[in-house]
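In what follows, a structure is listed as structure tokens, so that the remarks can point back to it.
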Amino acid sequence: MSTLAKRWRAARPPVAGLHLDSAACSRQSFAVLNATARHALHESEVGGYVAAEAATAALDAGRAAVATLCGMPGAEVVFTTGSLHALDLLLGSWPAGSGTLACLPGEYGPNLAVMDAHGFEVRFLPTLDDGRLALDDAAFDLEENPPDLVHLTPVGSHRGTVQPLALMARLCRELQLPLVVDAAQALGQVDCAVGADVTYSSSRKWLAGPRGVGVLAVRPELMERLRPRLPLPQWAPALSVAQRLQFGEANVAARVGFSVAIGEHLAYGPELVRARLAELGGIARTLLADVDGWLVVEEVDEPSALTTLAPADGADPAAVRDWLLAERRILTTYADVGRAPQELTGPVLRISPHLDTTTEDLEAFVEALIAATAATSV
Ligand SMILES: Cc1ncc(COP(=O)(O)O)c(C=O)c1O
């Protein structure tokens, strides 16, 4: 096991079984768990609002780390409860109220629902057969018919294809189109430092922070133009747009924990983390290539730790996921078409190992998958 993998494993509680589900929710470290618990303890000792004030520096450091990882050094970063909440806040405050939006057909289903709820007219950009952005065609399309904003999800929930984020960011800059990036599956897994106009993400996935926290990073010029849904009443104190977006009750302890988690990520070295995650994806796909009843969706060398298995010959992803958990304590994801309703044609099984997963673990998964497929076939 590499030093990085050993450090990652030693930093958190022993796992009960085999955890191959970081794209849903990673395992938090002792340091993150302790920071979260310590903040709650402090709230009880000195009062919740005094404790929150005392945590200002830690929270600021967390926000600054987000801005750095997103390549948006000047960005204002607002804490949210997750990625979907971040998108909801953003679109609900969009300067013109709503407008036209271009995204990929593989867009995350709940995001499409939020876009629709805010009255955005969504159109899909051209893709190759595997759902990857067809950049030249997209450039033509965006130039001919510019939308009010481009929304890109560099890694979706339903497959590990990594979209050409940096090229898209450059294209949007050239065409002067605002680029909004859903980095829920990307931050901590692929390089997001492309300087988009907006980047939002979740704490609990590749950054291994607590649940119930997310972030919305916005370039200051755009932040100033956002119009938070709740108007500022005359009696209210003057608040910045970012403060208004973040207004309301929050689990400050979880935000403190997230700030520690992102600090740990920076300390591990984002490039090293990304390289190992991509390597793990490659190992998994190679081992899984010949398993009867399943087709590996991604290219072997796709630089992502997500591996998706599409059933062939009647394998049942939901039953297999349940069997693996019940019989072998192996945690995987069942993903139905709602994850990407314009692209997925049927449910899939997904694995998403984090740094301390070994080749032996992945071999054990392959063996268990074969048994699960046989046991659940009708
Ligand atoms: C690509 C993508 N976007 C958005 C989300 C929503 O994130 P959250 O549950 O933090 O709102 C997810 C969650 O799985 C996701 O995979």
Side-chain angles (χ1 to χ4, degrees), residues 5 8 18-27 83 104-111 127-133 152-165 181-192 201-208 265 270 273-289 291 294-311 317-318 320-321 324-325 330-341 343-359 361-362 365-366 369:
W8 174 268
L18 183 51
H19 188 287
L20 299 176
D21 202 22
S22 286
C25 185
S26 277
R27 302 197 312 114
S83 291
L104 291 174
E107 185 56 61
Y108 183 59
N111 284 356
T127 53
L128 308 174
D129 286 348
D130 60 358
R132 202 181 305 271
L133 178 74
L152 184 69
T153 300
V155 183
S157 168
H158 66 302
R159 77 175 56 150
T161 305
V162 179
Q163 300 292 344
L165 172 61
V181 174
D182 171 351
Q185 294 295 351
L187 203 64
Q189 194 195 180
V190 301
D191 188 2
C192 292
S201 192
S202 313
S203 143
R204 70 187 184 283
K205 298 176 185 289
W206 297 99
L207 295 173
H265 176 75
V273 172
R274 292 196 295 263
R276 176 60 185 161
L277 290 177
E279 186 183 30
L280 276 171
I283 295 170
R285 284 175 222 121
T286 305
L287 290 172
L288 287 160
V291 175
W294 300 93
L295 293 172
V296 177
V297 174
E298 297 82 6
E299 300 288 331
V300 168
D301 57 0
E302 193 71 43
S304 140
L306 266 73
T307 295
T308 319
L309 294 158
V320 167
R321 184 261 177 205
L324 287 168
L325 190 57
I330 299 179
L331 185 57
T332 60
T333 317
Y334 161 74
D336 65 14
V337 290
R339 302 274 179 138
E343 190 166 87
L344 259 190
T345 52
V348 292
L349 187 71
R350 181 187 74 187
I351 62 164
S352 45
H354 218 308
L355 294 177
D356 62 343
T357 308
T358 60
T359 301
D361 290 336
L362 293 171
F365 168 68
V366 173
L369 177 66

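Along the sequence shown, residues are numbered consecutively beginning with 1.
- The shortest heavy-atom contact between G160 and V155 is CA-CG1, 4.3 Å.
- Proximity of a side-chain donor or acceptor of T357 to a complementary backbone N or O of P353 within less than 3.5 Å is not detected.
- The pair R159-E302 fails the salt-bridge criterion, with no side-chain N (NZ, NE, NH1 or NH2) lying under 4.0 Å from an Asp/Glu carboxylate O.
- Under the side-chain contact (heavy atoms from CB on, under 4.5 Å) rule, I351 has a single partner from L288, L306, L324, T333, which is L288.
- In this structure, a donor-acceptor pair under 3.5 Å is present between the side chains of S202 and S83.
- Here the two rings, on W206 and H265, have centers that are 6.0 Å apart or farther.
- No side-chain heavy atom of T345 sits less than 4.5 Å from a side-chain heavy atom of V337.
- In this structure, S201 contributes its side chain and A183 its backbone to a donor-acceptor pair below 3.5 Å.
- Considering CG of L349 and OG1 of T308, their distance stands at 9.0 Å, rounded to 0.5 Å.
- The minimum heavy-atom distance between S26 and H354, with the atom names listed, is OG-CD2, 3.2 Å.
- Salt bridge R339/E107: absent, no basic N to carboxylate O contact under 4.0 Å.
- For the pair L165 and L152, the minimum side-chain heavy-atom distance is below 4.5 Å.
- To the nearest 0.5 Å, the span separating CD on Q189 from CZ on R274 amounts to 10.5 Å.
- One finds the CG atom of L133 at 7.5 Å from the CG atom of L128 (value rounded to the nearest 0.5 Å).
- A salt bridge links R27 to D356: one of the charged nitrogens lies within less than 4.0 Å of a carboxylate oxygen.
- To the nearest 0.5 Å, atom CD of residue E298 and atom OG1 of residue T161 are 5.5 Å apart.
- When side chains are defined from C-beta on, P105 counts as touching T127, because their heavy atoms get closer than 4.5 Å.
- Distance check, rounded to the nearest 0.5 Å: OG1 of T332 to CG of D21 gives 7.0 Å.
- Side-chain atoms of Q185 never come within 3.5 Å of backbone atoms of G156 as a donor-acceptor pair (strictly under, hydrogens ignored).
- Heavy atoms of other residues, nucleotides or ligands lying less than 6.0 angstrom from CD of E299 number 12 at most.
- Residue T153 holds its OG1 atom at 5.5 Å from CG of N111, rounded to the nearest 0.5 Å.
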V273 and L355: CA distance, side-chain angles, deciding distance, side-chain contact (heavy atoms from CB on, under 4.5 Å) verdict: CA-CA 7 Å; V273 172; L355 294 177; 4.1 Å; yes

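- The minimum heavy-atom distance between L207 and G188, with the atom names listed, is CD2-CA, 3.9 Å.
- In this structure, R132 contributes its side chain and V162 its backbone to a donor-acceptor pair below 3.5 Å.
- Closest of all the heavy-atom pairs between L344 and A335 is CD1-O, 4.5 Å.
- Judged purely by atom type and a 3.5 angstrom limit, S22 has no side-chain atom pairing as donor or acceptor with the backbone of C25.
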Would you check, one step at a time, whether the test side-chain contact (heavy atoms from CB on, under 4.5 Å) holds for L362 with I283? CA-CA 8 Å; L362 293 171; I283 295 170; 3.9 Å; yes

Going through the checks in order, is the side-chain contact (heavy atoms from CB on, under 4.5 Å) test met by L309 and L369? CA-CA 11 Å; L309 294 158; L369 177 66; 3.9 Å; yes

Verify side-chain contact (heavy atoms from CB on, under 4.5 Å) between Y334 and V320, making sure each step is shown before the conclusion. CA-CA 9 Å; Y334 161 74; V320 167; over 6 Å; no

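- Between P317 and P311 the shortest heavy-atom distance is CG-CG, 3.8 Å.
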